[in-house]
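Here is the structure we will look at, set down as structure tokens.
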Amino acid sequence: MAMRNALRYTNRELSWMSFNRRVLLEAVHEDNPVLERIKFLSIVSTNLDEFFMIRVASLRDQVQAGYKGEDPSGLRPRDQLRLLVAEIRRQVARQYKILNESLFPALADEHIFFISPEHLTREQTVWLDKYFYDEVFPVLTPMTVDGGRRYPLILSRSLNIGVSLMSRTGRKKTFATVQVPGILPRVVTLPAIHGEKPMLLMETVIAMYITTLFQGRTVLSVCPYRITRNADLTFDEEEASDLLVEIQKSLRKRKWGGVIRMEVQKGAPADIVSMLKKAMEITDFEIHYVDGPVNLDFLAKQIYSFEGFDHLRYKAYQPWTDPCWEGSVFDAIKQKDRYFYHPYDSFEPIIRFLKEAAEDPDVLAIKQTLYRVSGQSPVMEALAAAAEHGKQVTVLLELKARFDEENNIFWGRELEKAGCHVIYGVKGLKVHSKITLVVRREDRQIVRYTHLGTGNYNDVTAKVYTDIGILTANPDIGQDAGVFFNMLTASGDMPAMKLLTAAPNQLRYELSRLIKRETEHARAGKDAKIRAKLNALVDPLIIADLYQAGIAGVKIELLVRGICCLQPGLKGVSGNITVRSIIGRYLEHARIFHFANGGSAELYLSSADWMPRNLDRRIELMFPVLNGDIRTRILSSLDLQWADTQKSWELNAHQSYERRSKKKGDVRCCSQEAEMALRSEANSL
């Protein structure tokens, strides 16, 4: 404990901001096609939305409650909030500078551009008139604020237009607001001329016709604005008699939480901003001015998907499917353990595994944990079909998967209708493990087939998240899987298992034991090395163990995509620790832990990051990689990522990240491109 307190520790929130900055800088990376750069810029906005709704909101709640406790980095909530908002303002300013000075001109070079209303041709004006009155006007609802009507409650993250009006007497101003309909496209594409793609934003179109909404009134000025509300679900889970009902109640409250941010354009009329400030009950601290369109999610949702511009996106990639899946999936798994590295390997065999299990008369039961699934999920369809075929189907569906609660509630109801046993989470914990168990009768014996992975059973994210999964008929793993599911459904204590390690409790202890074992090997002069790939490294106790290992001489190589609170390069403390982060075409999401173990190396995969929430407040799994061929393939991929010079950043001793591509002498290597090339070569054989 003294070791943990004595060493420096980076604030979690500031480290996340550093990650978002790395995403932002992909928008200026010339190796990325222009529409991909546009997409990265949009991702930054989406990231900030969620960050405000949860992390900034939580800090503000702490400040308002008068909490003055320090986090492991020594910062109090008020200090964190001040530093974060300053950094957010810098990042947003950089974001819009990139958009205005780099990406909009690059799009214009490809004849994709926003046109000023005064430059519309006669034909475009005629077309826009018809479009507005036919499609837009019928769904608009202007709402005036006056002595008899208070300011309406504005929906979180909805785009709105504030309007300043002259009163009918002409003696004073009144105000109104108009919500930009989310059901309509944000980007209005005008009739093309000579292959060009001229566009207007929906709020611009509404502003052009704003007087039609306020007949007999003089419109003085308009101002697009957007608010973000506190979306952190709060309820007493211990007192909740029905978790599903409590989640549904909290979801309704999420839309109307306190305002934590208001975005308006630079140069917004002062009277409208003042009115909004009063109506939203905020201070200048919560107001964020942007040098361009408010909310940039339209860049990814619409402009990125424009047809006819494939040359401005990454070259399409077809995931690899092993020929072994052409026959029975059960025969393929019985031959040997099967390995998947999505999105380089297709997710389709996982779906086939479930579909075949649903239809196979010898399959008795299917058990699965689910955290995030797609809106049109083939996984859910297969589970429902299995129940309808008389299988015993048990699904533990996590209701508290943030921002996926409504989707999970919908699918839970659908599975129940099909006859599945649905368990809506575990009280006090989030179930974040990724495991499926299929129980099959073969030759009068019971055989268990298990899928274990690092990522969600989501066919959509499996195309953009890098995750590893293994399908196995190993009887020990199958037996452990059965014990694990029995614990979940019976709400009992987790017993010790042969090969699987679960959180909470067991996983923290086991990780600490493995790190300390390397420490002892180093002190004894044996082979000692730790390599770990994670999304986040936050846990102070694990970080303290890593520092101790580094001091003892253990070489530690960490690939941490996002938050990293450990500080490498500290003299006498973390000189043996190197931290890198890969930000590229795909979101690095796999968790891989490799320990040299004095020459008898061990390799593990896990659903868990090294964070207090994963180790103490979630049900997670870590599992060993037992097959030698699979171990070799995973370690080769790990080597490739460590050698990456094109999409890799290194955390230096000054606690800032530097692109590795700037270092002289490094051989060009993009690990994601290399993984795709390996599969493309196999596909061509």
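Heavy-atom basis, side chains included; hydrogens, waters and symmetry copies ignored. Values in this document were obtained by computation on a predicted structure and should not be read as measured data.
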Evaluate the criterion side chain to side chain contact (heavy atoms under 4.5 Å, CB included) for residue pair Ile563 and Phe19; output intermediate values, then yes/no. CA-CA 7 Å; Ile563 303 169; Phe19 158 69; 5.8 Å; no

For the residue pair Asn32 / Glu26, report whether a side-chain donor-acceptor contact shorter than 3.5 Å exists. yes

Parallel, tilted or perpendicular for Phe51 and Trp16, by the 30°/60° rule? parallel

Determine, step by step, whether Val373 and Asn456 satisfy the side chain to side chain contact (heavy atoms under 4.5 Å, CB included) criterion, reporting the C-alpha distance in whole Å, the side-chain angles of both residues, the deciding distance to 0.1 Å, and the verdict. CA-CA 7 Å; Val373 295; Asn456 296 307; over 6 Å; no

Once rounded to the nearest 0.5 Å, what's the spacing between atom OG of Ser433 and atom CD of Glu398? 9.5 Å

Can we say Glu36 and Arg585 salt-bridge, meaning some charged N sits less than 4.0 Å from an Asp/Glu carboxylate O? no

Rounded to the nearest 0.5 Å, what's the gap from CZ on Arg82 to CG on Leu59? Could you check? 12.5 Å

From Val178, Ile227, Asp297, Val294, residue fulfilling side chain to side chain contact (heavy atoms under 4.5 Å, CB included) relative to Leu159: Val294

One pair to check against side-chain hydrogen bond (donor to acceptor under 3.5 Å, both in side chains): Gln95 and Ser45. What are the steps and the verdict? CA-CA 9 Å; Gln95 182 186 24; Ser45 290; 2.8 Å; yes

Any side-chain heavy-atom pair of Pro181 and Ile206 under 4.5 Å: yes

What one should report as the nearest heavy-atom pair of Pro378 and Ser374 is CD-OG, 4.2 Å

Between Ala27 and Leu41, the two heavy atoms sitting closest are CB-CD1, 3.8 Å

Tell me if a side-chain donor or acceptor on Tyr371 pairs with a main-chain N or O of Gly455 at a distance below 3.5 Å. no

Heavy atoms only: give me the nearest Glu620-Ser607 pair and the separation to one decimal. OE1-OG, 2.6 Å

Only one of Phe52, Tyr225, Tyr96 clears ring pair (Phe, Tyr, Trp, His ring centres under 6.0 Å) with His288; which? Phe52

Show your working on side chain to side chain contact (heavy atoms under 4.5 Å, CB included) between Leu99 and Phe104 and close with a plain yes or no. CA-CA 6 Å; Leu99 180 66; Phe104 275 166; 3.6 Å; yes

Could you go through the salt bridge (Lys or Arg N to Asp or Glu O under 4.0 Å) check for Asp49 and Arg226 one step at a time? CA-CA 11 Å; Asp49 278 355; Arg226 178 176 181 259; 2.6 Å; yes

Taking Thr454 for its side chain and Ser606 for its backbone only, find out whether a donor-acceptor pair lies under 3.5 Å. no

Any donor-acceptor pair under 3.5 Å linking the side chain of Asp539 with the backbone of Leu615? no

For the backbone of Trp649 and the side chain of Ser581, can you confirm whether one donor and one acceptor N or O come within less than 3.5 Å of each other? no

With sequence neighbours excluded, residues passing salt bridge (charged side-chain N to carboxylate O under 4.0 Å, His left out) with Arg591: Asp609

Hey, does Leu370 have a side-chain heavy atom less than 4.5 Å from the side chain of Leu396? no

CE of Met143 to CD of Gln179, rounded to nearest 0.5 Å, is 9.5 Å

Approximate separation, where rounding is to 0.5 Å, of Arg186 CZ and Phe298 CZ: 5.5 Å

Residues in side chain to side chain contact (heavy atoms under 4.5 Å, CB included) contact with Glu70, at least two apart in sequence or another chain: Arg76

Listed pairs under 3.5 Å, donor-acceptor, residues 274-281 side chains, sequence neighbours left out:
unit_1 : atom_1 : unit_2 : atom_2 : d
Lys277 : NZ     : Asp284 : OD1    : 2.9

At what distance, to the nearest 0.5 angstrom, does CZ of Arg618 lie from NE2 of His432? 4.5 Å

If I compare all heavy atoms of Ala536 with all of Val560, which pair ends up nearest, and what's the gap? CA-CG1, 3.9 Å

Taking all non-hydrogen atoms of both residues, which atom of Asn458 and which atom of Phe347 are closest, and how far apart? N-CZ, 4.0 Å

Exactly one candidate in Ile583, Ile98, Ile43 meets side chain to side chain contact (heavy atoms under 4.5 Å, CB included) with Leu24; the answer is Ile98

Test item: Val145 and Thr177 side chains (from C-beta on) under 4.5 Å apart, heavy atoms: no

For the backbone of Thr212 and the side chain of Gln215, can you confirm whether one donor and one acceptor N or O come within less than 3.5 Å of each other? yes

Neighbour count >12 (heavy atoms, 6.0 Å) for atom CZ, Arg78: no

If only atom types and distance count, is the side chain of Arg229 paired as donor or acceptor with the main-chain N or O of Ile154 below 3.5 Å? yes

Using side-chain heavy atoms (C-beta onward) and a distance below 4.5 Å, is His589 in contact with Thr461? no

Any donor-acceptor pair under 3.5 Å from Thr369 side chain to Ile435 backbone: yes

Flag the pair Lys173 and Asp271 as a salt bridge only when some basic side-chain nitrogen lies within less than 4.0 angstrom of an acidic carboxylate oxygen. yes

Pairwise side-chain contact, Leu35 with Leu107, heavy-atom cut-off 4.5 Å (strictly under): yes

Looking at side-chain heavy atoms only, is the closest gap between Cys223 and Gln265 below 4.5 Å? no

Less than 6.0 angstrom from the centroid, inside 45 degrees of the normal: does Arg22 satisfy that with respect to the ring of Tyr657? yes

Please state whether the rings of Tyr209 and Phe132 are parallel, tilted or perpendicular, taking 30° and 60° as the class boundaries. parallel

Passes side-chain hydrogen bond (donor to acceptor under 3.5 Å, both in side chains), Thr174 versus Arg217? Steps please. CA-CA 10 Å; Thr174 58; Arg217 307 290 295 276; 2.7 Å; yes

So, Gln62 side chain and Pro77 main chain: donor-acceptor pair closer than 3.5 Å or not? no

Flag if over 12 foreign heavy atoms under 6.0 Å of CD, Gln64: yes

Thinking salt bridges, do Arg55 and Glu50 make one under a 4.0 Å N-O criterion? no

As an exercise, state the distance from CG of Leu397 to CZ of Arg413, rounded to the nearest 0.5 Å. 11.0 Å

Indicate the atoms forming the closest heavy-atom contact of Ala57 with Ile260, along with that distance. CB-CD1, 3.9 Å

Using modelled atom types only, decide if a donor and an acceptor are shared between the side chain of Ser42 and the backbone of Leu296 within a distance under 3.5 Å. yes

Looking at side-chain heavy atoms only, is the closest gap between Trp411 and Val422 below 4.5 Å? no

Does any part of the side chain of Asp459, heavy atoms only, come nearer than 4.5 Å to the side chain of Val379, both counted from C-beta? no

Do Glu414 and Met380 pass the side chain to side chain contact (heavy atoms under 4.5 Å, CB included) test, and can you show the C-alpha distance, the side-chain angles, and the key distance before you say yes or no? CA-CA 9 Å; Glu414 293 298 304; Met380 294 302 205; over 6 Å; no

Run the salt-bridge test on Asp467 and Lys434 with the 4.0 Å N-O cut-off and return the result as yes or no. no

